[in-house]
Amino acid sequence: MLLLENLNPEQLAAVTLPDQSALILAGAGSGKTRVLTTRIAWLIQTGRVSPNGILAVTFTNKAAREMLTRISAMLPINVRGMWIGTFHGLCNRLLRAHYRDAGLAQHFQILDSQDQQAVVKRVLKAMNVDEDRFPAREAQYFINAEKEEGRRAKDIEIADEISRRYAEIYAAYDEQCQREGVVDFAELLLRTHELLSRNEILREHYRSRFRYILVDEFQDTNRLQYRWLKLLAGEDSVVFAVGDDDQSIYRFRGANVGNMAEFERDFRVENVIRLEQNYRSHGNILAAANALIAHNRRRLGKNLWTAAGQGEPVRVYEAQSDEQEARWITEEAQALKREGLRLSDIAILYRSNAQSRVIEHALFSSGLPYRVYGGLRFFERLEIKHALAYLRLAANPDDDGAFLRVANFPARGIGARSLEALQDAAKLAGASLYRAAAGLSGKAGAAVGGFVRLVDALRAETQGLPLPETVEVMLERSGLVAHYRSQRDGADRVENLNELVNAAAAFVQEEDEKDLAAFLSHAALESGENQAAEGADALQLMTVHSAKGLEFHAVFITGLEEGLFPHEQSVMEEDGLEEERRLMYVAITRARTRLYLSHAQTRMLHGQTRYNVASRFFDEIPGAVLKRLTPRLERGRLEDVAWAPEPKKVSASRAPDHGFRIGQSVLHPKFGQGVIVNAEGSGTDARLQINFGKQGMKWLALEYARLTAA
DNA sequence: AATCCGTCTATTTTT
DNA sequence: TAGACGGATT
């Protein structure tokens, strides 16, 4: 069969598995997506199932789109019948279809994290909660965590005053959302789960429809998502779960790798297939990755191999400072460019976003084009949020969040006092702001009344209009475009607002949907491109997390220092170090042919200079695959975190006369390798504070300590 | 209603 | 260092 050509034996076995649930351990670069999509195509082509019987779940819209495109390329069928999407997207689809059974408003809106936080804040204020003791951030986290455990406010075990209060906040928050007809991300999943558990007819309907369920990135599923799958699959569906425990890097947002083991048990998995042949990286790179990840204890076990040769060694660079590291990256990238490499095939990775600044600075000075991933995305921009708020009010006037956002934007004389009066009235009546507005009198009533009429007019005028025109009318009538046009630096925002019209047009065309509510949920569920894609060939700067799933010819992993990578906060956490190591594993396996690892002795962090020791990950990679580009500064192995406290400034007027400087590596006959982190005194009084890593931090008198420069 | 200023904080991120 | 936020000021 044409479909199955060029699959390796393991891939073939996975694709053609008989009707039993299976777990596919797919290593980095092992052709995971290919297996997933070919499996679907094979199921359909061999007549095991019609497209209608397929449910495929992914984590990102990007992955879902990719799957869809690949399948349509393989099969001459209409892919519309298949349900392929993210957990949230699929839940949204289900809830829209059964909103009444789910107890939701017909045009319920979806809150993104920002919106959710705003609702939480409003609830806290209305409850008169002390926001120092119960910060909105914490409350939001609490609510989401509880929802992900499948618990409602009433299910929470009250242990103390604090948990009692949080449970109350949770309850009030849910009531508020219900009143407004809005739903947060976790709610989409929980609501669907509750709907299907409660409603046997619906449950059986979907169970018998989706005979084949496929899950991508299974290691990233959280508890609720897993329960959701179990509920939907029932006894008879065949679940094909693809994942890689070694690439589980999202524990902090609820991902539960344990789901993999649980899946094996719950679904009586007899087939665990390992895809270990890597088609991406050269031998040395894989050797580094394998050796590193072998240091983790909790693994399902897997070893990548490649038919390609050893390739180049992994290059290691030690810089004096973060700035020098950045300059070196720039030079090296320029050299690669001269060799003919496309800049977009070079990635510069870091553990945390703050690290990008120095690098950007160096790149900017050198004139090398680059693109930074992360940051604000299209639908998260303020002007877009404002525009969407008008649309949301047109679709669902009870959306208080949207109401508050734009009632006085652009300014129309509705001040804080008017809004407070309105909120009081709404609270008293147990109604939304929009509905309470009618009962408001006086000056406030007049101004608010004007806004309500605007919303009504907007709804009336856009009735029956095509979506893009609805957006256009809204932009004009709301006064948003006029407002930004009059601002000196509003040009970009006006441009973005116009872009929203295009987004609506694209949505109508691609999704074959013309409903405003559908467009709004699309906006919430798919927050859009991370940054306008610049056509120019540019270096790719991103965190290791966002590099997952990507590959590059050359990869720089920067800031490989204790405290940074592995991050100091993770080292304290249970299992934190193992996750950092998986993160490093993900970073390494992004590279096809060239890999650079770099670290700096000195780094500016939070406005203070820190003296960092090289990451322990260097010690976990065999020296044979490494090639040092800088003179070797061998240092003690670090089992625990070690970094410098704040150094005292050595004033220039009393420059030390002993020749040692802060940040320098030294050798001590008893304590071994260390880094000077502080110094005081001079001459025979000179004392140095040295970080000996595992041996600890010591103050030594220079006169007696037999120190040598390392 | 807009702006200024001091305080606080500071992994990782998708939906 | 630098951004976000809340409170106070103009």
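These numbers come from the heavy atoms of this one structure, side chains and all, not from hydrogens, waters or symmetry mates. Order of the sequence lines sets the chain letters (A, B, ...), proteins ahead of strands, with each chain counted from 1.
Distance OH (A:Y373) to P (B:dT14): 13 Å, rounded to an integer number of Å. Between the CZ atom of A:F108 and the C1' atom of B:dT15 there is a distance of 14 Å, rounded to whole Å. As rounded to whole Å, 13 Å separates atom C1' of B:dT13 from atom CD of A:E217. Rounded to an integer number of Å, the gap from CG of A:L224 to P of B:dT15 is 17 Å. Straight-line distance from the CD atom of A:Q114 to the C1' atom of C:dC5: 14 Å, rounded to whole Å. Rounded to an integer number of Å, the gap from A:Q117 CD to C:dA4 C1' is 12 Å. One can place NE2 of A:H88 at 12 Å from C1' of B:dT13, the figure rounded to the nearest angstrom. If you take CD of A:E148 and P of B:dT15, they are 15 Å apart, rounded to a whole angstrom.
The residues A:E66 and A:K62 are annotated as not salt-bridged, no charged nitrogen and carboxylate oxygen being separated by less than 4.0 angstrom. A salt bridge does not link A:D246 with A:R582: none of the charged nitrogens is closer than 4.0 Å to a carboxylate oxygen. With respect to A:R299 and A:E578, no salt bridge is recorded, no charged nitrogen being found less than 4.0 Å from a carboxylate O. Classification of A:R590 and A:E551 as a salt-bridged pair fails, no side-chain N sitting under 4.0 Å from a carboxylate O. A:R610 has no carboxylate O lying under 4.0 Å from a charged side-chain N of A:E561, or vice versa, which leaves the two without a salt bridge.
For A:H599 and A:F565, the gap between ring centers reaches or exceeds 6.0 Å. In this structure, the ring of A:H295 has its center no less than 6.0 angstrom from the ring center of A:F617.
Of the candidate nucleotides B:dT12, B:dT15, C:dT1, B:dT12 has the atom nearest to the side chain of A:T543. Picking from C:dA2, B:dT12, B:dT15 the nucleotide with the shortest atom distance to the side chain of A:S113 gives B:dT15. Of the candidates C:dG6, B:dT15, B:dT13, the closest approach to any side-chain atom of A:K121 belongs to C:dG6. Here the nucleotide nearest the side chain of A:S546, chosen from B:dT15, B:dT13, B:dA1, is B:dT13. Closest to the A:F252 side chain, of the nucleotides B:dT15, B:dT12, C:dA2, is B:dT12. Of the candidates B:dT12, B:dT13, C:dT1, the closest approach to any side-chain atom of A:R253 belongs to B:dT13.
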Could you go through nucleotides 2-10 of chain B and list every protein N or O atom that sits under 3.5 Å from one of its N or O atoms, giving the distance for each pair?
from	atom 1	to	atom 2	distance (Å)
B:dA10	N3	A:H606	ND1	3.4

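No engagement by A:F87 is indicated, since no non-hydrogen atom pair under 4.0 Å with the nucleic acid exists. Here A:Q116 lies out of heavy-atom contact (under 4.0 Å) with every strand. When heavy atoms are screened at a 4.0 angstrom cut-off, A:N144 is found touching no nucleic acid atom at all. In this structure, A:E573 reaches the bases: a heavy-atom distance under 4.0 Å links it to at least one base atom across the strands shown.
Phosphate contact (OP1/OP2 of B:dT13, side-chain N/O of A:N353, threshold under 4.0 Å): present. Contact annotation: A:R357 side-chain N/O to C:dT1 OP1/OP2 distance is not under 4.0 Å.
Note on ring orientation: taking the six-membered ring where Trp is involved, the planes of A:F519 and A:H522 are parallel (angle under 30°, cut-offs 30° and 60°). Taking the six-membered ring for Trp and thresholds of 30 and 60 degrees, A:W83 and A:F210 have ring planes inclined between 30 and 60 degrees apart.
Nearest-nucleotide positions on DNA chain B for A:S527 and A:R351 put A:R351 closer to the 5' end.
With P as the reference atom, B:dT13 and C:dA4 are 16 Å apart, rounded to whole Å. Across the C1' atoms, B:dT12 and C:dC5 are found 23 Å apart, a figure rounded to whole Å.
Of all the residues in residues 54-64 of chain A, A:F59, A:T60, A:N61 reach under 4.0 Å from DNA chain B with at least one non-hydrogen atom.
A side-chain donor-acceptor contact under 3.5 Å links A:N144 and A:Q116.
A:R371 places no side-chain N or O within donor-acceptor distance of the main-chain N or O of A:L539, the cut-off being under 3.5 Å.
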